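Input: a single structure, listed below in structure tokens.
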Amino acid sequence: MKKDSEKIILITGAAGFIGYHLCKYLLEKEFTIIGLDNINDYYDIELKYSRLHQLGIIKKKAQRFNEICLSTKYGNKLQFIRLNLEEKENIKTLFKKNNIDIVCNLAAQAGVRYSLINPDKYISSNIIGFFNILECCKQYNIKKLVYASSSSVYGNNQNIPFIEEEKVDQPVSLYAATKTSNELLAYSYSSLFSIQTIGLRFFTVYGPWGRPDMALFLFTDAILKKKAIKVFNNGNLLRDFTYIDDIIDGVSKVLLNKKNELKYSIYNIGNSKPVSLLDFIDEIEKQLNIKSIRKYMPMQAGDVKKTYASTKKINEDYNYVPKTSIRSGIKDFLKWYKSYYKI
């Protein structure tokens with residue numbers, strides 16, 4: 001039987017925000033990782049390549065699809081392959097050639113607003129791609145699949161904090177609908193084929209190396225360039241902002257811990273301390289020592305007014321306790337941002 005550190009973990013979305021941080025964390029624990037990403041142009045691909053470079057994956061070697069690259073930093077502990085989840089035969093070949101023990105599926109077409117203008121991407125990546133992962137887990141006897149869901153599945157639920165037992169059958173965006181579909185598909189495969197599937201509903205993740213389409217990145221960029229920031233619903237929004245280190249703490253505990261034997265589980269991973277959007281902007285201004293130019297706007301289609309995670313379930317099962325305050329998290333992000341963009 002393999003030791004835990006000898007197990008091979010497939011992480012899809014490895015060049016993404018959460019995927020990069022998870023790879024880094026597990027590699028420092030000496031796990032063996034196969035990282036997969038299609039490096040699409042939803043946002044700046046140079047940021048994705050920069051994350052990979054931090055892991056020792058050299059940009060010029062990751063240009064072509066289906067070319068496996070070894071890390072110059074972690075050696076054969078990290079392989080990277082550029083591949084779409086929708087490429088069923090290539091995904092099957094990847095599973096066939098590697099003795100994968102655990103799959104962590106973080107790859108997805110992200111973004112609520114983008115789903116309004118490019119819905120095809122969401123069906124392809126989030127549903128067909130996820131189905132291909134499930135099929136490979138079945139065919140190649142993978143017994144544990146951890147996958148990214150989203151707080152978006154709760155829609156405009158009025159019962160707060162959000163608990164995992166709430167019905168999530170009224171999504172207000174296509175993105176949310178695809179994530180709800182993932183949870184339903186996972187339930188079917190767990191029931192039919194005895195695969196342990198664990199869905200993680202992430203709540204507004206932020207921090208260093210974050211996505212440029214997220215609030216903290218957008219606000220910071222605009223404030224420093226003295227451009228107006230868009231404040232939707234006139235600022236009447238609440239978000240359960242969750243720092244990336246707390247997210248990784250939760251994901252890694254779920255991924256590596258064997259005490260939960262349930263075949264199908266769903267967990268919230270949030271901060272459990274919602275912050276008003278206006279207070280969030282105030283804190284960015286305070287730390288930058290620059291006043292923002294605010295453009296107040298109506299609610300956007302597909303958006304939700306508040307997110308608020310109950311983390312009681314994941315705390316009881318995995319001893320998950322978020323530790324990072326908004327002040328500290330924003331400080332760390334701004335330090336990274338200024339360093340990365342040489343400000």
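Just so you know, these numbers use all the heavy atoms, side chains as well, and skip hydrogens, waters and symmetry mates. Note that the structure is a prediction, hence the values are computed from the model and not measured.
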Inset, instruction - Answer yes or no: is there a donor N or O on one side and an acceptor on the other, between the side chain of S339 and the main chain of K335, under 3.5 Å? - result: no
Inset, instruction - Drop me the distance from Y340's OH to L47's CG, to the nearest 0.5 angstrom. - result: 4.5 Å
Inset, instruction - Output yes when a side-chain donor or acceptor of N233 lies under 3.5 Å from a complementary backbone atom of P298, and no otherwise. - result: no
Legend entry - Pi-cation contact, Y43 with K48 (under 6.0 Å, within 45°): yes
Inset, instruction - May I ask you to check whether over 12 heavy atoms, not counting those of Q170, lie within 6.0 Å of atom CD? - result: no
Inset, instruction - Step by step, work out the side-chain hydrogen bond (donor to acceptor under 3.5 Å, both in side chains) result for Y114 and N118. - result: CA-CA 6 Å; Y114 188 59; N118 206 336; 2.9 Å; yes
Legend entry - Set of residues satisfying ring pair (Phe, Tyr, Trp, His ring centres under 6.0 Å) with respect to Y296, sequence neighbours excluded: none
Legend entry - Linked hydrophobic residues, V172 as query - side chain contacts closer than 4.5 Å: V304
Legend entry - Donor + acceptor pair across side chains of Y189, E135 (<3.5 Å): yes
Inset, instruction - Give a yes or no answer on whether the side chain of K305 reaches the backbone of N156 with a donor-acceptor pair at less than 3.5 Å. - result: no
Legend entry - Y42 vs D213, side-chain hydrogen bond (donor to acceptor under 3.5 Å, both in side chains): CA-CA, chis, key distance, verdict: CA-CA 9 Å; Y42 169 59; D213 62 323; 2.5 Å; yes
Inset, instruction - Examine distances only and state if a side-chain atom of N268 and a backbone atom of R201 form a donor-acceptor pair shorter than 3.5 Å. - result: no
Legend entry - Side chain proximity check, L237 to M299, heavy atoms < 4.5 angstrom: yes
Inset, instruction - Would you please name every residue forming a salt bridge (Lys or Arg N to Asp or Glu O under 4.0 Å) with E316, sequence neighbours left out? - result: none
Legend entry - For A148 against K179, the heavy-atom pair lying closest together: O-NZ, 2.9 Å
Inset, instruction - Determine whether L256 and I33 fall in the same hydrophobic cluster, where Ile, Leu, Val, Met, Phe, Trp and Tyr are linked whenever their side-chain heavy atoms lie under 4.5 Å apart. - result: yes
Inset, instruction - Please check if atom CG in D41 has more than 12 non-hydrogen atoms from other residues, nucleotides or ligands closer than 6.0 Å. - result: no
Legend entry - Pair E285-S292, side-chain donor/acceptor within less than 3.5 Å: yes
Inset, instruction - Would you kindly say whether R327 and S325 are connected by a side-chain donor-acceptor distance under 3.5 Å? - result: no
Inset, instruction - Kindly check if the number of other-residue, nucleotide or ligand heavy atoms within 6.0 Å of NZ (K143) is above 12? - result: yes
Legend entry - Enclosure of K306 NZ (heavy-atom neighbours >12, cutoff 6.0 Å): yes
Inset, instruction - Report yes if the distance between the aromatic ring centroids of F17 and H21 is under 6.0 Å, otherwise no. - result: yes
Legend entry - Side-chain (S328) to main-chain (T324) donor-acceptor, under 3.5 angstrom: no
Legend entry - Between Y25 and D245, a side-chain donor and acceptor under 3.5 Å: no
Legend entry - Check: S173 side chain, A176 main-chain N or O, donor-acceptor pair, under 3.5 Å: yes
Inset, instruction - Only counting residues at least two apart or in another chain, list the ones meeting ring pair (Phe, Tyr, Trp, His ring centres under 6.0 Å) with Y206. - result: Y243
Inset, instruction - May I ask you to check whether over 12 heavy atoms, not counting those of K121, lie within 6.0 Å of atom NZ? - result: no
Legend entry - Co-members of the apolar cluster containing Y154 [side chain, <4.5 Å]: V153, I160, F162, V168, F203, Y308
Legend entry - Set of side chain to side chain donor-acceptor pair (under 3.5 Å) partners for N105, sequence neighbours left out: T12
Legend entry - Six-ring centre of Y318, K253 cation under 6.0 angstrom, axis tolerance 45°: no
Legend entry - N84 side chain to N38 backbone, donor-acceptor under 3.5 Å: no
Inset, instruction - Starting at OH of Y147, measure out to CD1 of I133 and round the result to the nearest 0.5 Å. - result: 13.5 Å
Inset, instruction - Answer yes or no: is there a donor N or O on one side and an acceptor on the other, between the side chain of S252 and the main chain of D249, under 3.5 Å? - result: yes
Legend entry - Sidechain-backbone polar pair: Y264 side chain, S190 backbone, donor-acceptor under 3.5 Å: no
Inset, instruction - Decide if the gap between the ring center of Y320 and the ring center of Y267 is smaller than 6.0 angstrom. - result: no
Legend entry - Nearest-0.5 Å distance that lies between atom OG1 in T242 and atom CD1 in I248: 12.0 Å
Legend entry - Under 3.5 Å: donor-acceptor pair, side chain of S265, backbone of I198: no
